[in-house]
Amino acid sequence: MSALLLSPTSHIPLKPEAECIPSLDKCLDKEELKQVHARMIKTGLILDAIPASRLLVGLCGASDAGSLTYALMVFERIQNPNTFMWNTMIRSLSNGSNPEEAILLYSQMLHDAVPHNSYTFPFLLKACANLPSAAAETQQIHCHIIKTGFALEACTTNSLLHVYAKSGSILSASQLFDSIPCRDTVSWNSMINGYARSGKIEMARELFDQMENKNIISWTTMIAGYVENCLCKEALELFREMQAMDIEPDTVALASVLTACAHLGALDQGRWIHAYVKKKQIGLDPVLRCVLMDMFAKCGELDEALAVFRNTKERNVCMWTAMIAGFAAHGQGREALDLFADMERTGIKPNGITFTGVLTACSYAGMVEEGKSIFERIAKDCNMSPSVEHYGCMVDLLGRAGLLKEAEEMIKTMPVKPNAAVWGALLDACRVHRNFELGRRVGKILMDLEPKQSGRYVQLAGILAAEGCWDEAAAVRNLMKERGAAKLPGCSSISLSGCVHEFVAGDRSHRQTEEIYLEWDNILRRLKKGGYVPLTENLLLDLGEEEEKETAIHCHSEKLAIAFGFITTKPGATIRIVKNLRVCSDCHVVSKLISKVYSRKIIMRDRTRFHVFMNGQCSCGDYW
DNA sequence: CTAGGGTTAG
């Protein structure tokens, strides 16, 4: 550091082009900027506010983290930095990896009594927006904004509104929104985003409908809001409305729509977007590539996902993670691990989500040893503390493999508090490996932890019923009713030419209901001729007669969706179904038989993974 | 030199 101060007396020969101060307009790298700095010190130009500012801007604009540190050092040595210089530093820190430093710098600015200008608060508020939780700071800054009179400036107030909206402080956001004298499009958009983020999607839509000057961001905000609230069907509908109004979607809008397609398994619509992007020659930026790839993977088209992946030169961590997760969901553990190794060779650092994907892959493929060693690397090599999700993956991995004791031990010794998902993984393992005693205990824990989650009661009741403890099982079901735990209905959807058809068990709401049930009867008859016997053992007990049980499983949502697929697609065409819960054993058997008897490929994505039924086999190897 | 929308898991 001192060398820099001494540099005026040094005798390092300068390159001829460094004789004059290079223009900072073009991007210089850190070394070049250091030379400029040295030259400025030599000539005394560093004392001049304008060139000094330009140097700071140049350093802050360089992409490497070291430049920012260097910029801070230069800044600290400037005698009385002006507002512009403070702003520049605050802006840079706000977007860095430690946004709280921007707030610290701001308090220094206050301490030095440097006046604010119109740019100060928007930069500073960016730091609040980038922090996971800065509610107290935001409130204080809000006070400063009022005191200094900047509340009258649209940019400042909109920035503040954005922070409140983004952090879910919906009350503060709406109060502020109401107080703004002339709300502009930006204010409205932020408010819509705020409502959507706090789950008040109807409020968001209300605002959206009231809005007079919607722009593409308004539309995208609303579409993304639907996606975030798991209302992907609505997201696609709104997108269609947008197109009907001849509003051209941009990259961001398309990315949101693709995300919706991914969740819905709406391959046709996803492909349409892909074609649209090509036709309009819209550039595939990293995010768009990633969601496109993810859409293919989530629609069961791993090959197409891989094609997008391979076509991408600079892959970021999201891209790698999404591809790994794609393999994991298809039970292709080896491929996922190979990809993970490639990723590390490329020098891309895995994050917590990457590890979730890799561990899931190990779990579904029964790769216990590999999973254990990856898990240990989270802390050892990557210096991260495993999250509760990672422990959940491990419990799942051990539990599936039948290592129930080890799984339980992991829960007992894990340093983070086990959540319901962790216990749920163990409970599921108890079901699969028929460990009733442990299952009972875990079930009790879960019902205390999540008294409103019907799935847990159903899970436990199933375990008890399988053991023949009908009374106990009935008691669990009654408890569920007493506690008012609403049963999440199983829902399967199938998407055809841009339209998503949803079915719940026993559904008769579809306009082709009669046809669907007739088709199902036909399928059933043919399967029974081939020797199919309905698997009613997993059914819950309130249905006494075997016949009733059969009726109940025969209107399972995935069966209705398959029947609908049969009457709407050509013989031999692949049927794609997305289910919100796990697929039941009987539906699994039936799907395998159908794939053989009718030579149909059925791709079924359930809550956690893919089942690809072909020639009487399932890609999960009957282990799920 | 300022504000608003999009990516990987659960």
Side-chain angles (χ1 to χ4, degrees), chain A residues 53-54 56-57 60-61 83-92 94 116-126 129 150 153-163 165-166 183-194 196-197 214-225 227-228 235 249-260 262 285-295 297-298 315-326 328-329 343 350-361 387-390 392-393 396 419-422 424-425 607-608:
Chain A
S53 300
R54 295 181 80 184
L56 285 179
V57 170
C60 289
T83 303
F84 178 95
M85 295 171 181
W86 282 95
N87 289 349
T88 303
M89 297 317 299
I90 289 172
R91 176 184 57 165
S92 197
S94 294
H116 301 76
N117 68 13
S118 308
Y119 299 90
T120 310
F121 287 117
F123 290 151
L124 177 62
L125 287 163
K126 190 68 141 208
F150 284 97
E153 296 199 355
C155 278
T156 297
T157 303
N158 280 338
S159 299
L160 182 62
L161 179 60
H162 168 64
V163 176
K166 194 181 174 196
R183 295 179 279 260
D184 58 14
T185 309
V186 178
S187 333
W188 283 80
N189 290 348
S190 286
M191 203 57 225
I192 291 170
N193 187 17
R197 271 174 189 269
K214 297 185 188 74
N215 61 14
I216 182 67
I217 296 182
S218 322
W219 286 90
T220 313
T221 305
M222 195 62 229
I223 290 172
V227 176
E228 205 171 273
D250 62 6
T251 314
V252 182
L254 293 172
S256 298
V257 179
L258 274 175
T259 307
D285 71 12
V287 177
L288 197 52
R289 268 177 199 281
C290 186
V291 292
L292 182 65
M293 189 191 78
D294 186 49
M295 180 277 294
K298 286 207 169 74
R315 300 168 188 140
N316 62 19
V317 62
C318 292
M319 195 92 186
W320 285 97
T321 303
M323 197 63 235
I324 289 169
M343 167 178 172
N351 62 24
I353 301 174
T354 316
F355 280 114
T356 308
V358 180
L359 292 176
T360 306
S387 67
V388 67
E389 282 81 13
H390 298 135
C393 292
D396 190 54
N419 62 12
V422 175
R607 197 191 167 92
T608 52

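Chain letters run A, B, ... following the sequence lines, proteins first, then strands; residues in each count from 1. Quick note: numbers below take in every heavy atom, side chains included, and nothing from hydrogens, waters or symmetry partners.
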- [ ] Name the orientation class of the two ring planes belonging to Phe150(A) and His116(A) (parallel below 30°, tilted from 30 to 60°, perpendicular beyond 60°).
- [x] tilted
Task: Closest approach of Ala196(A) to Gly225(A) (non-hydrogen atoms, all atoms of both residues) - done: CB-CA, 3.7 Å
Task: Nucleotide interval of DNA chain B bounded by contacts with chain A (heavy-atom cut-off, under 4.0 Å) - done: dC1(B) to dG10(B)
TODO: Consider only side-chain N and O atoms of Glu389(A) and Thr356(A), and report whether a donor and an acceptor are under 3.5 Å apart.
DONE: no
Open item on the list: Using a heavy-atom cut-off of 4.0 Å across all strands, would you classify Thr156(A) as base, sugar-phosphate, or nothing?
Closed with: nothing
- [ ] Please list, chain by chain and in numerical order, all residues satisfying side chain to side chain contact (heavy atoms under 4.5 Å, CB included) with Ala260(A), sequence neighbours excluded.
- [x] Val227(A), Cys232(A), Ala235(A), Leu236(A)
Open item on the list: Suppose we screen for side chain to side chain donor-acceptor pair (under 3.5 Å). Which residues come up paired with Ser218(A), at least two apart in sequence or across chains?
Closed with: Asn189(A), Asn215(A)
- [ ] Have a look at Ser159(A) and say if it touches a base, only the backbone sugar-phosphate, or nothing, with a 4.0 Å heavy-atom cut-off.
- [x] sugar-phosphate
Open item on the list: Tell me the closest heavy-atom pair linking Ala253(A) and Ile216(A), and the distance in Å.
Closed with: CB-CD1, 4.2 Å
Task: Sugar-phosphate, base or nothing in reach of Lys214(A), heavy atoms under 4.0 Å - done: nothing
Open item on the list: Mind checking if Thr185(A) touches a base, just sugar-phosphate, or nothing, with heavy atoms under 4.0 Å?
Closed with: base
Open item on the list: What contact category does Ile223(A) fall into here, base, sugar-phosphate, or nothing, at under 4.0 angstrom with non-hydrogen atoms?
Closed with: nothing
Open item on the list: Please classify the nucleic acid contact of Ser256(A) as base, sugar-phosphate, or nothing, using heavy-atom distances under 4.0 Å.
Closed with: sugar-phosphate
- [ ] Scan Asn316(A) against the nucleic acid and name what it touches under 4.0 Å (heavy atoms): base, sugar-phosphate only, or nothing.
- [x] base
Open item on the list: Applying a 4.0 Å non-hydrogen cut-off, can you work out what Leu288(A) is touching in the nucleic acid: base, sugar-phosphate, or nothing?
Closed with: base
TODO: Would you classify Thr221(A) as touching base, sugar-phosphate or nothing, given that sugar-phosphate means primed atoms plus P, OP1 and OP2, and contacts are heavy atoms under 4.0 Å?
DONE: sugar-phosphate
